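Only heavy atoms go into these numbers, but all of them, side chains included; no hydrogens, no water, no symmetry mates. Note that this is a predicted model, so its numbers are computed, not measured. Each ligand, and each atom within it, is numbered from 1 in the order the structure gives.
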Amino acid sequence: MGRLICLSNRLPLGPTPSGGLVVALADALAERGGVWIGSSGELSETPETRFTEIEGGPFRRLAFDLSPEEQASYYHGYSNSVLWPLFHGRTDLLDIRGEYLTGYKEVNRRLAKMLLEVLEPDDRIWVHDFHLLPLAHDLRVLGAENRMGFFLHTPFPTPLALQALPNGPELCTWLAHYELVGLQAERDVRNCMDAMVQIGGATELAGGFIHLAPRQVRIAAFPVAIDAAEFRTLAEEQVTQLPEGLVKPNRRLMIGVDRLDYTKGVPQRFRAFGEFLDRHEEWHRHVSLIQISPPTREGVTAYDDIRQETEHLSGQINGTFADITWAPIRFINRPVPREVLAGLYRAADIALVTPLMDGMNLVAKEFVAAQDPDDPGVLILSQFAGASEQLVDALTVNPHDPEQMATAMMTALAMPLSERRRRHAGMMQLLLKKDVHWWSKGFLTALG
Ligand code: ADP
């Protein structure tokens, strides 16, 4: 069995919020003598032509730096201001510029050349996420014949949305150089198949394959997962460590945990919570919402806008409803250590996971895993999170509909224990079976 080479935009350098992925791949990498390649997070004026080995850790890690220009065009530009909004259905936020695409392609070509230097003929290559779409194409141009798989952590856009991208046909060609394209959900598989046919000019074959010369590509769903058993244990331990006074005997706790991203539907959630408070005076002082949202991608206009909007809305709702003993929303704009999050999830009665569009949404899975099975909380989950295809026992909502969400909040607060237990048991069983190890094994087996 050859080595496994994983590539992602950022090299995991320590305990990061995307820790789940590290856990998933650490075993496979250690077992197969694998390597993880990603950017160091450092900028350097003259980007190198060789990777730098990062010492320590359970598997080999190779890092590369970006130049400030590359960071602007490849990362902030094409990745975060074009592909991210496009893949989440926000074509109104697209910032299409020739120099972004040029920079994106140059970084990928540079990486392909650097990778070729360390590549062995029987290595398997697993490329992660939208920053590195052209990598297989670039490696094939250089003559690499290795088996290559790609996994997209975001949703895949509809063919109609992809028409908004001037180089949509080229994007389809990039994908056609992998043997396997993995997506989060069945809806993404359908979108990708349709886009490959309608925009890329591919032929759909039986069994989840398409043909786009010179290759047959398999397109399939591999819903990303968590280590549910480990997270359950962490939550059990940590719930006892929460600060005194956080959980009050006569007060229910709702929780939202999302990077402050416009895809996460935080303003819509706040408005729905305002609607709920407006309708249910009897719940005033008896329910509060903790929203934990560390800022990301600061400096990009759309992210500055979402910060202002959410600060304004939380202030407005608190202004309308708070009294001297109670503020309905506690809005926290910083990261919280994973173990504290685990304890908070377990202490919470309701999770509001209501993105407008999301590849999977791991917060939904973490919340379920963290619950006490004897007295579990209720998950309110957007129909637009990839997780909703799997977590069918959640209370599913349309995040655009504040009235329906307010009703779901009431339903959750009033839900009998027997129903909470039944719904939780169904979801937990799925999470334990289809955990992060199942996910990585499934992808690697399909890659061959
Ligand atoms: P995304 O990858 O788009 O941010 P996910 O819900 O799939 O969304 O994954 C987010 C991950 O980041 C989860 O593992 C979650 O626990 C973690 N996370 C989210 N918000 C915070 C926060 N405020 N502090 C620490 N970790 C967070």
Side-chain angles (χ1 to χ4, degrees), residues 8-10 12 14-25 79-80 83-85 87-90 128-131 151-156 183-185 188 222-228 230-232 234-235 238 242 255-266 269 289-298 300 302-303 306-307 310 330-348 351-371 379-382 384-391 394 399 431 435-436 439:
S8 61
N9 170 56
R10 271 304 287 275
T16 61
S18 61
L21 191 59
V22 183
V23 175
L25 297 173
S79 295
N80 287 343
L83 294 178
W84 179 269
F87 285 10
H88 289 86
R90 291 297 302 269
H128 289 267
D129 232 359
F130 57 95
H131 314 84
F151 185 79
L152 183 66
H153 291 257
T154 68
F156 198 93
L183 299 156
Q184 295 275 32
D188 304 313
F222 301 89
V224 87
I226 61 166
D227 189 336
E230 182 263 352
F231 205 82
R232 173 176 58 189
L234 185 68
Q238 291 295 324
L242 290 174
I255 190 167
V257 176
D258 319 72
R259 283 181 306 105
L260 196 44
D261 191 291
Y262 51 78
T263 61
K264 300 291 184 182
V266 177
R269 185 181 310 167
L289 167 60
I290 293 192
Q291 175 65 43
I292 302 174
S293 286
T296 55
R297 302 175 194 173
E298 287 166 289
V300 177
Y303 288 82
I306 191 79
R307 174 143 193 183
T310 43
R330 204 181 307 180
F331 188 33
I332 299 159
N333 283 137
R334 63 185 76 227
V336 168
R338 197 173 121 80
E339 59 275 14
V340 177
L341 268 189
L344 278 172
Y345 289 141
R346 194 172 173 107
L352 302 177
V353 181
T354 57
L356 305 180
M357 189 53 79
D358 212 330
M360 175 53 55
N361 198 293
L362 291 180
V363 169
K365 293 188 170 182
E366 290 168 355
F367 175 78
V368 171
Q371 295 310 298
L379 173 63
I380 295 182
L381 181 61
S382 164
F384 300 112
S388 72
E389 284 186 12
Q390 290 184 298
L391 301 179
L431 293 185
D435 71 358
V436 73
W439 172 75

Counting from 1 in the order shown, the ligand 1 atoms closer than 4.0 Å to a non-hydrogen atom of V363 are 6 (O), 15 (C)
Holding to side-chain contact (heavy atoms from CB on, under 4.5 Å), I want the full list of residues that pass it with S8, two or more places apart in sequence or in another chain. W36, H128
Which class fits the ring pair F367 and Y345: parallel under 30°, tilted 30 to 60°, perpendicular over 60°? perpendicular
Between V266 and I306, is the side-chain contact (heavy atoms from CB on, under 4.5 Å) condition met? List the steps. CA-CA 9 Å; V266 177; I306 191 79; 5.9 Å; no
Please classify the F367 to ligand 1 contact at 4.0 Å (heavy-atom distances, strictly less than): side chain, backbone, both or neither. neither
Among T263, N361, V363, which one satisfies side chain to side chain contact (heavy atoms under 4.5 Å, CB included) with P355? N361
For ligand 1, which atoms, with element, lie under 4.0 Å from some heavy atom of P294? 22 (C), 23 (N)
Distance in Å, T354 OG1 paired with L381 CG, rounded so as to fall on 0.5 Å steps: 9.0 Å
A student checking ligand 1 against R334 at a 4.0 Å heavy-atom cut-off should list atoms 23 (N)
Taking 4.0 Å as the limit for heavy-atom contacts, which would you say applies to L341 with ligand 1: side chain only, backbone only, both, or neither? side chain
Counting from 1, what ligand 1 atoms have a heavy atom of R259 closer than 4.0 Å? 1 (P), 3 (O), 4 (O)
Pick one of side chain, backbone, both or neither for how K264 approaches ligand 1, counting any non-hydrogen atom pair under 4.0 Å. side chain
For ligand 1, is any non-hydrogen atom under 4.0 Å from E366's backbone (N, CA, C, O), its side chain (CB onward), both, or neither? side chain
Hey, are the side chains of N333 and R307 touching, using non-hydrogen atoms and a 4.5 Å cut-off? yes
Is the closest heavy-atom distance from Y345 to ligand 1 below 4.0 Å? yes
For E230, salt bridge (Lys or Arg N to Asp or Glu O under 4.0 Å) partners two or more places apart: R338
Is the W84 ring parallel, tilted or perpendicular to the F130 ring (thresholds 30°, 60°)? tilted
Per-atom contacts of ligand 1 with N361, taking only distances under 4.0 Å to non-hydrogen atoms: 6 (O), 7 (O)
Does any N or O of ligand 1 fall below 3.5 Å from an N or O anywhere on V257, backbone included? no
Looking at ligand 1, would M360 count as a contact under a 4.0 Å heavy-atom criterion? no
Report, in ascending order of atom number, the atoms of ligand 1 lying under 4.0 Å from any heavy atom of I292. 23 (N)
N/O donor-acceptor pair under 3.5 Å between S293 side chain and D258 backbone: yes
Does ligand 1 have an atom under 4.0 Å from some heavy atom of H153? no
